[in-house]
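First comes the structure, then the notes that go with it.
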Amino acid sequence: MRELPAATARRIAVAAQGFGRLKPTSSGRRAVSSVLATTRLLQIDSVAAAVRAHYAPVFSRVGSYDRAALDRAAWSDTARSPRLMVEYWAHEAAFVPVEDWPLLRWRMDRYIHGRWGGARDVAERHPRLVDDVLDAIRDGGPATARELEVALDRRRPGPKGPWWDHSDVKVVCEQLFASGVLTVPRRTNFVRVYDLTERVLPPDVASHRVPEDDAVRRLVEQSAAAMGVATAADLRDYYRLSAAQTSRALDELVEAGRVVPITVAGWKDPAYLHVDVRRPRTVDAAALLCPFDPLIFGRARTERVFDFHYRIEIYTPEAQRRYGYYVFPFLLGDELVARVDLRVDRAAGLLTVPGAFSEDSVDAQGRRGEVAAALAGSVRAMAEWLDVDVAVGERGDLAGDLRVAVS
């Protein structure tokens, strides 16, 4: 079995995600399309400390683009500009290409009673509620769960609880979304609007069924192409598949010659190399990566590939945070060399950097000035994209150098 040097595997992984390969483009739609074709999914998250997670990976790979173009790609459908992507449970909640929606029908079948517990209890208490919700949407058009509560006169009295404290109507909407009966034609203030899937997706997509084994094999191959080189656990995690599903698919893909079993120096587990990956000698990249970027959302893989321990600290009490609330790792070339805590203060018109931290290897290699200059360029570029100015704080060993470089 062939062994790859760890540095080669790292460059393959970075290049497979589009870094150093996708070119800046003035067309927002082309930018979104090129990144989606490469990553195959854009994770969605509600945190908006700097910029919502689904916008950031496109910027990281192609630079400044019109975020409204991504909104149109996800939530607008016209003859001239058909919908490019649709929301569903992939890695987590994510946008996937419209044509990939049938590859997840097997998961929708498993979620017939919802993704979480609670739908069965609601059905026992309100046997007609599913039909009532569907009738209301069918007759009244797309609606949020709150709008449906009003339409069905099922408004819940008292204050609303935390985000997981769903009303019965919301539980039913999420059950129908998870099972593929409803989908999300748009969001309003980041709240899901629900509609019948057959009214949102093209008929040939909405009606198409792919046998589970075939669908999973295609998902695993897409994961292999998006990651370049990966372990079975990595491939399983990209679309949150089971170990058994992934193992069967890999056996078939190896036999078909689509992936090649290899070892990577320093990796404990065997790996798989997609046959079509690029093997660049260098990668020309300087990019801020949001916490949910597909290059790094697998934390174990991030540590293995980049020797970079990364955990999001949103739920860590402020006094116990090591790096900050919403920290972006910084990719320079094919290495993660620093991390910055980023916030946008819209009222002040500022992209604030409360903390900036370099990796130990930066000082060991005497690269602090180089890293600070490159990071300053990326921070300024993000601020310009978001139409704000930059303010660098005091926390972290790189903050002083970054402040000088930014100014």
Side-chain angles (χ1 to χ4, degrees), residues 1 4 6 9-10 12-18 36 38-45 53 57 87-97 100-111 115-116 178 180 210-264 266-277 289 291-312:
M1 188 180 294
L4 278 182
R10 186 174 64 246
I12 289 172
V14 173
Q17 280 281 307
L36 189 64
T38 300
T39 65
R40 303 309 298 184
L41 55 82
L42 296 171
Q43 188 170 337
I44 303 169
D45 189 78
E87 183 175 340
Y88 192 64
W89 297 108
H91 177 76
E92 286 291 336
F95 289 121
V96 298
D100 282 1
W101 189 86
L103 300 182
L104 296 162
R105 288 292 294 267
W106 59 270
R107 178 167 287 165
M108 298 170 198
D109 292 342
R110 294 186 182 186
Y111 288 164
R115 185 169 182 256
W116 299 287
V210 181
E212 180 176 337
D213 286 351
D214 293 343
V216 169
R217 184 171 58 252
R218 287 171 61 182
L219 292 174
V220 171
E221 182 172 0
Q222 288 183 179
S223 304
M227 287 189 276
V229 57
T231 65
D234 297 336
L235 296 168
R236 170 187 176 186
D237 182 64
Y238 208 76
Y239 286 100
R240 296 292 166 90
L241 306 171
S242 73
Q245 286 176 313
T246 306
S247 178
R248 285 194 302 270
L250 280 172
D251 287 345
E252 294 168 358
L253 290 168
V254 169
E255 185 176 354
R258 299 304 299 160
V259 298
V260 179
I262 61 165
T263 60
V264 177
W267 291 19
K268 181 179 69 174
D269 296 322
Y272 297 85
L273 184 72
H274 193 274
V275 294
D276 296 332
V277 297
L289 307 177
F292 305 104
D293 190 288
L295 181 64
I296 59 168
F297 61 28
R299 306 305 190 212
R301 172 177 169 82
T302 299
E303 190 157 359
R304 185 188 332 112
V305 174
F306 297 101
D307 191 22
F308 189 90
H309 180 81
Y310 180 54
R311 297 293 184 272
I312 193 165

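Small disclaimer: the values here were computed from a predicted structure and weren't measured.
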Flag side-chain contact, heavy atom, 4.5 Å: [X] against [Y]:
| X | Y | answer |
| --- | --- | --- |
| Thr263 | Leu4 | no |
| Pro291 | Arg299 | yes |
| Phe306 | Val14 | yes |
| Leu250 | Leu235 | yes |
| Phe292 | Ile44 | no |
| Tyr272 | Val229 | no |
| Val96 | Arg40 | no |

Inspect the contact between [Y] and [X] and indicate whether a charged nitrogen and a carboxylate oxygen are less than 4.0 angstrom apart.
| X | Y | value |
| --- | --- | --- |
| Asp214 | Arg217 | yes |
| Arg258 | Glu252 | no |
| Asp234 | Arg304 | yes |

_Working to the nearest 0.5 angstrom, can you tell me the gap between Ile296 CD1 and Thr302 OG1?_
5.5 Å

*Please lay out, stage by stage, how Glu212 and Arg110 fare under the test salt bridge (charged side-chain N to carboxylate O under 4.0 Å, His left out).*
CA-CA 11 Å; Glu212 180 176 337; Arg110 294 186 182 186; 2.6 Å; yes

*asked:* With side chain to side chain contact (heavy atoms under 4.5 Å, CB included) as the criterion, how do Val275 and Val260 come out once you've worked through the C-alpha distance, each side chain's angles and the decisive distance to 0.1 Å?
replied: CA-CA 7 Å; Val275 294; Val260 179; 3.9 Å; yes

So, does [X] use its side chain to make a donor-acceptor pair with the main chain of [Y] at under 3.5 Å?
| X | Y | value |
| --- | --- | --- |
| Arg115 | Ala178 | no |
| Ser223 | Leu219 | yes |
| Arg107 | Ala90 | yes |

Which heavy-atom pair separates [X] from [Y] by the least distance, and what is that distance?
| X | Y | value |
| --- | --- | --- |
| Leu41 | Ala94 | CB-CB, 4.4 Å |
| Val216 | Leu241 | CG1-CD1, 4.1 Å |
| Leu42 | Thr39 | CD2-OG1, 4.0 Å |
| Pro57 | Pro294 | CG-CD, 4.1 Å |
| Leu295 | Ala13 | CD1-O, 3.9 Å |
| Met227 | Ala16 | C-CB, 3.7 Å |

*Could you please spell out the steps behind the side chain to side chain contact (heavy atoms under 4.5 Å, CB included) verdict for Gln245 and Trp106?*
CA-CA 12 Å; Gln245 286 176 313; Trp106 59 270; 3.3 Å; yes

_With no hydrogens and no angle check, just 3.5 Å: does a side-chain donor-acceptor pair link Gln222 and Asp100?_
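There is such a pair between these side chains.
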
*Hey, is CZ on Arg218 packed in by over 12 heavy atoms from elsewhere, all under 6.0 Å?*
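12 or below, so no.
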
_Trp89-Trp116 aromatic ring centre distance below 6.0 Å_ =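 Close enough - the centres of the two rings lie under 6.0 Å apart.
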
*Mind checking whether His91 and Phe297 have parallel, tilted or perpendicular rings, split at 30° and 60°?*
parallel

*Evaluate side chain to side chain contact (heavy atoms under 4.5 Å, CB included) for Thr231 paired with Arg236, printing each intermediate quantity in order.*
CA-CA 9 Å; Thr231 65; Arg236 170 187 176 186; over 6 Å; no

*Could you go step by step and tell me if Leu253 and Val220 meet the side chain to side chain contact (heavy atoms under 4.5 Å, CB included) rule?*
CA-CA 9 Å; Leu253 290 168; Val220 171; 3.7 Å; yes

